[in-house]
Amino acid sequence: MNNTIEIDKKWQKYWDENKTFKAYNDSKKDPFYVLVEFPYPSGAGLHVGHVRSYTAHDAIARMKRLQGYNVLFPMGWDAFGAPAEEYAIKNHIHPKEAVKKNIETFKGQMKSLGFSFDWDREFSTTDPEYYKWTQWQFLQFYKNGMAYKDTIPVNWCPKCKTVLSNEDAAGGVCERCGTEVVQKEKSQWMLRMASYAEDLLKGLDDTDFADRVKLGQINWIGKSSGVEMDVEIKGGGKFSIFTTCIETVFGITFFVIAPDGKLIKELMPRVKNKKEVEAYINETKKKSAMDRTELNKGKTGVLVEGIKAINPINHKEVPIFLGDFVLGDYGTGAVMAVPAHDQRDYEYAKVHNIPMIEVIEGGNINEKAFEKHDYLGNGCKLINSEEFSGLTVEEAKEAITKMLEDKKIARRVNNYKMRDWIFSRQRFWGEPIPMIYCEKCGWVPMNEEDLPLLLPDVAEYEPTDNGESPLAKISEWINTKCPQCGRDAKRETDTMPNWAGSSWYFLRFMDARNDKEFASMDAMKYWRKVDWYNGGMEHTARHLLYARFWVQFLYNIGLVPNKEMIYKRVSHGMVLGSDNQKMSKSKGNVINPDDIVNEFGADTLRVYEMFMGDYTQDAPWSTDSLRGCRRFLDKVIRLKDKVIDGKNFTKELEPVINKSILKVQRDLLNLGFNTAVSQLMILTNAMDEKEHITKEDYHLLLTLLNPIAPHITEELNESIGYSPICESTWPEYDEKKTIEQEKDIAVQVNGKVRATIKININDEESVLKEKALNEENVKKHIEGKEVVKIIVIQGKIVNIVVK
RNA sequence: GCGGGUGUGGCGGAAUUGGCAGACGCACUAGACUUAGGAUCUAGCGCCGUGAGGCUUGCAGGUUCAACUCCUGUCACCCGCACCA
């Protein structure tokens, strides 16, 4: 059949014209919301990797519709961001033109693959009708004290000329261009995400994310429970440290404070070796995050002369050091150092010749001890710790904490690695932050009714070296009036990060055309939440965390019905090149889905990508295997020649038919797409073995295959005179009929298969024993031996144990 | 270093509660039909062995009538996080 493309087009048109996949907000049916991450519409077009996850969820959506659900399966565009902007800089056109063109390409490709998206809900994050609400939500953050401006050392990418969030600069390297990130002091808009750390952790209990996704979130939040303890400075003043090992407090031989923290600034007047200390502080500033972690593992630092701390537990005088392994923005920016029992402290002490005090038995002061790293939790006992000596680590932890708490010099606290969200970008192509700076009133939010604050049309989009957005050059845009006092004022020129628009788009899909609210509470209450959300593993730390934070905030101010609006999160594996490497232009191993669709048809590509392997694992591309899937579809087409009239299933096919219904519907909901296809092949083969099959047999096969291969199945189904599958229902299976009456089972002697016997499912145990013992080969193997026992598992196996 | 994951034929991969390991497909081999075959059909296809049979799920043990599956130890590879106190 070489009119595959025509068939594809015919049914795509049919679905479009009949609005087959429209989701209704006023339906009496049960809702089911399937979401695939909306793509960034790049110039490269759709990737075969997109096809994998979209087909998988398209199949789920299609089956769920046939099963009577009101399915919401939307698609849109996450179109703010650097690539469109870079394209615009190069070609001197407005990024929105590039975005428009790319969206057209993507959409055309998606339609050619027959994805059952409800296109009536389509939008782009760059639409003013959409980003109006992103800006509006920012104002809610601001008005609730959740957005603030702060001057902090931030990650700065010298190439992209913009600030990056901690998440974007993971590993000390710019996420986008790979350039080493440097630290720069800048005034930035921040969202108080750190204050949601505990809620984001707890909220995971109300979700059904895949384990690896949950772990990704937990790791990123990075909770650690410990004690914050006040330390007096000799001659007045004090500071606090954070530790998770308070039981080692008698082993303190020095303290280390962060060179980039506030504490050293406060102490500076009392420091005797100011020059040395200042030099070290400056040195640290110059170091990028990279230097400070990867390259420079050695423990640099300097003694702070003239200042001594007092160990609160035994009042011993202890020196204070500066060391860049202590971070200014984590914990209190100061640590107690117990070199006898901590790897880092040990290394530092060695470099700076600081004595060590052993306080836990068995925690030898040598490098080997740290390899074991196991004094915790194995009942080791304290020594050299006054009245606490002899207690186990666990007991001492509690007892010392209690004692310090009672004396009011320590508190139990939790610390989190996750920081506040740096929300400013010095780029053109993002949502303008709707804030105005007035000399008299300070930062003032725009009036909500003046939103959206549109991006202006300008000629140049280049970011500037001084760290200002290109918007800063457009004076007619910047200059405005203060909404509060009416005086001359200036707009914020920074824009929002790429993650803003994607933090709430799934809510907008629930009510995409609402021009009064970002989404109505009624619509959100009807859909409840995203039942099933698919996206790449690379987004589990950032996007998912941002989105959950955003939603939790909206929930707390009463704007969404649930604290978690995403229930299940699954992740697909990558489609690799046939050389088992990540697809890339430079490697020349890229497969363009358009080429495949044009040569083999959309259904072949869909079936292949479902069949290629475990959905959650990476899988290499194989054009040979793809051809095999085309052959499978050809076989389904040829099967039509065997169809004769008949309203019932062929009797002998009933077991495999019922089994297939069960397996396909179960597998589609358990990410078992490859085994669902395999079962459909088995069913096809079983039908193919028959001289004739009934129309009903054939219709059943086509219905089960329809979610994965929707075009060809509709065409064949129509050709035997049935009404469209997309308007009919999913078949029911009969549990009883899935069981075969007769089957072959194995007979083992001492666990080794020696024969197979034909049995009836109702055969008694004694009958099975008799049948087994009558087999020639079985007789041979038990001859002259004593039969100890015979294990019979009904309908499965017989095992004869002999001695 | 910490955390997680994965190891099954030539390849992609199957295997509810332990119950015939290798489903399904690819590649390959032989044959049929053919002017032709990248079509279709038939048969074969884990390894060793002519055979009976033996061996086989990274490796080594253990539990069991029975282990890819459970337990202990171990190796290899991959992916996150990483001076977070």
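Excluded from the calculations below are hydrogen atoms, water molecules and symmetry mates; all remaining heavy atoms, backbone and side chain alike, are included.
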With a 4.0 Å cut-off on heavy atoms, is [X] in touch with a base, just the backbone sugar-phosphate, or nothing at all?
X	answer
A:Ile791	base
A:Gly628	sugar-phosphate
A:Ser622	nothing
A:Ile793	base
A:Asn685	sugar-phosphate

Considering only atom [atom1], compute the distance from [N] to [M] and round it to an integer number of Å.
N	M	atom1	answer
B:rG37	B:rA32	P	13 Å
B:rA14	B:rC59	C1'	24 Å
B:rG9	B:rA60	C1'	23 Å
B:rU57	B:rC47	C1'	13 Å
B:rU34	B:rG49	C1'	39 Å
B:rG10	B:rC45	C1'	11 Å
B:rU69	B:rG22	C1'	15 Å
B:rG61	B:rC68	P	15 Å

[N] [atom2] sits how many Å from [X] [atom1], rounded?
X	N	atom1	atom2	result
A:Lys417	B:rC83	NZ	P	8 Å
A:Asp614	B:rA14	CG	C1'	11 Å
A:Lys796	B:rU16	NZ	P	10 Å
A:Asp211	B:rG3	CG	P	16 Å
A:Phe632	B:rA39	CZ	C1'	18 Å
A:Met610	B:rA14	CE	C1'	17 Å
A:Tyr330	B:rA82	OH	C1'	13 Å
A:Met418	B:rA82	CE	C1'	18 Å

Minimum-distance nucleotide to [X] side chain [options: [options]]:
X	options	value
A:Lys635	B:rG12, B:rA27, B:rC41	B:rC41
A:Thr675	B:rG12, B:rU6, B:rA15	B:rA15
A:Arg638	B:rA85, B:rU40, B:rG12	B:rU40
A:Ile797	B:rG19, B:rU16, B:rC65	B:rG19
A:Ser678	B:rA27, B:rC24, B:rC65	B:rC24
A:Met681	B:rG25, B:rA21, B:rG38	B:rG25
A:Phe325	B:rC83, B:rC20, B:rA15	B:rC83
A:Phe242	B:rG38, B:rG12, B:rA85	B:rA85

Partner set under ring pair (Phe, Tyr, Trp, His ring centres under 6.0 Å) for A:Phe632, not counting sequence neighbours:
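Once residues adjacent in sequence are excluded, A:Phe632 has no partner under the ring pair (Phe, Tyr, Trp, His ring centres under 6.0 Å) criterion.
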Please confirm whether the shortest side-chain N or O distance from [X] to OP1 or OP2 of [N] is below 4.0 Å.
X	N	result
A:Ser224	B:rA85	yes
A:Asn674	B:rA14	yes
A:Arg631	B:rG38	no

Counting only Watson-Crick pairs (N1-N3 plus N6-O4 or O6-N4) and G-U wobbles (N1-O2, O6-N3), all under 3.5 Å, who is the partner of [N]?
N	answer
B:rA30	B:rU42
B:rG1	B:rC81
B:rC47	B:rG54

Is the base of B:rG9 syn or anti, where syn means the angle lies within 90° of 0?
syn
Go through the side-chain N and O atoms of A:Asn658 and A:Lys736 and say whether any donor and acceptor fall under 3.5 Å apart.
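No pair is found: no donor N or O on one side chain lies under 3.5 Å from an acceptor on the other.
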We want to know whether A:Thr675 and A:Asp667 form a side-chain donor-acceptor pair, criterion being a heavy-atom distance below 3.5 angstrom.
yes
Upstream residue (5' side of RNA chain B) when A:Val677 and A:Ala746 are each assigned their closest nucleotide
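Looking at RNA chain B, the more 5' nearest nucleotide goes with A:Ala746.
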Could you say whether A:Asn750 or A:Thr244 is positioned toward the 5' end of RNA chain B, judged by the nucleotide with the nearest heavy atom to each?
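Here A:Asn750 is the residue nearer the 5' end.
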Indicate the ring-plane relationship of A:Tyr546 and A:Trp421, choosing parallel, tilted or perpendicular according to the 30° and 60° boundaries.
parallel
Describe, in one word, how the ring planes of A:Tyr348 and A:His352 are oriented to each other, choosing from parallel (under 30°), tilted (30 to 60°) and perpendicular (over 60°).
parallel
Within the side chain of A:Asp618, is there an N or O that forms a donor-acceptor pair under 3.5 Å with the backbone of A:Met574?
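Checked: pair present.
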A:Arg627/A:Asp624 ion pair, N-O < 4.0 Å
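Salt bridge present between A:Arg627 and A:Asp624.
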With the threshold set at 4.0 Å, does a side-chain nitrogen-carboxylate oxygen contact exist between A:Arg638 and A:Asp634?
no
Examine the base of B:rC65 for any acceptor or donor lying under 3.5 Å from a partner atom in the side chain of A:Asn799, and report the outcome as yes or no.
yes
What's the spacing between A:Arg754 CZ and A:Gln748 CD if we round to 0.5 Å?
10.0 Å
Under 3.5 Å, sequence neighbours excluded: what are the donor-acceptor pairs made by side chains of residues 764-772 of chain A?
from: A:Lys771; atom 1: NZ; to: A:Lys758; atom 2: O; distance (Å): 3.1
from: A:Lys771; atom 1: NZ; to: A:Asp763; atom 2: OD2; distance (Å): 2.8

So does A:Lys582 have more than 12 non-hydrogen atoms from other groups sitting under 6.0 Å from NZ?
no
At under 4.0 Å between heavy atoms, how does the protein contact nucleotides 49-56 of chain B? Give one character per nucleotide, 5' to 3', with B, S or -.
---SSSS-
